[in-house]
**Q** 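Attaching a single structure in structure tokens format; questions to follow.
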Amino acid sequence: MTTPPPDALPFPDSLCHRCAAPPRLVRSRTSVFILCPLLPQKYPPQPVRACALFRPVDPAPER
């Protein structure tokens, strides 16, 4: 079993990584959790495929 790089995103298909909330990664020795500042349960089961509070990140303006 290989260990992913420390900067690799867990659950890459999750909507959380594309949300403007923004989520925070919480890592322990054996697990990774995504903390949502908007949801009452804070740590949604991953990967999140649908979320009523999801707001897409605004794309950077082109120059």
Side-chain angles (χ1 to χ4, degrees):
M1 187 166 127
T2 61
T3 305
D7 59 342
L9 291 177
F11 317 106
D13 297 340
S14 180
L15 278 179
C16 297
H17 300 300
R18 297 185 301 276
C19 186
R24 191 176 100 212
L25 296 180
V26 177
R27 297 179 189 266
S28 72
R29 277 182 67 166
T30 58
S31 301
V32 178
F33 302 94
I34 298 178
L35 183 139
C36 177
L38 302 177
L39 293 174
Q41 72 265 27
K42 298 295 180 195
Y43 297 97
Q46 294 295 326
V48 172
R49 305 236 189 257
C51 178
L53 298 176
F54 173 76
R55 300 292 177 263
V57 174
D58 289 331
E62 293 184 27
R63 294 182 178 198

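Throughout, numbering of the chain's residues begins at 1 and tracks the sequence.
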**Q** Can you name the residues that form a side-chain contact (heavy atoms from CB on, under 4.5 Å) with Thr30, not counting sequence neighbours?
**A** Ser28

**Q** Quick one: closest heavy-atom pair of Pro10 and Arg27, and the distance?
**A** CD-NH2, 4.3 Å

**Q** So, does His17 use its side chain to make a donor-acceptor pair with the main chain of Pro23 at under 3.5 Å?
**A** no

**Q** Under a 4.5 Å cut-off applied to non-hydrogen side-chain atoms, are Leu25 and Ile34 in contact?
**A** yes

**Q** Extract all donor-acceptor atom pairs below 3.5 Å that involve side chains of residues 37-44 and protein atoms in other chains or at least two apart in sequence.
**A**
residue: Lys42; atom: NZ; partner: Pro37; partner atom: O; Å: 3.3

**Q** What residues join Leu15 in its hydrophobic cluster, counting side-chain heavy atom gaps under 4.5 Å, either direct or through other members?
**A** Val48, Phe54

**Q** Flag the pair Cys16 / Arg24 as yes when at least one side-chain heavy-atom distance between them is below 4.5 Å, and no otherwise.
**A** no

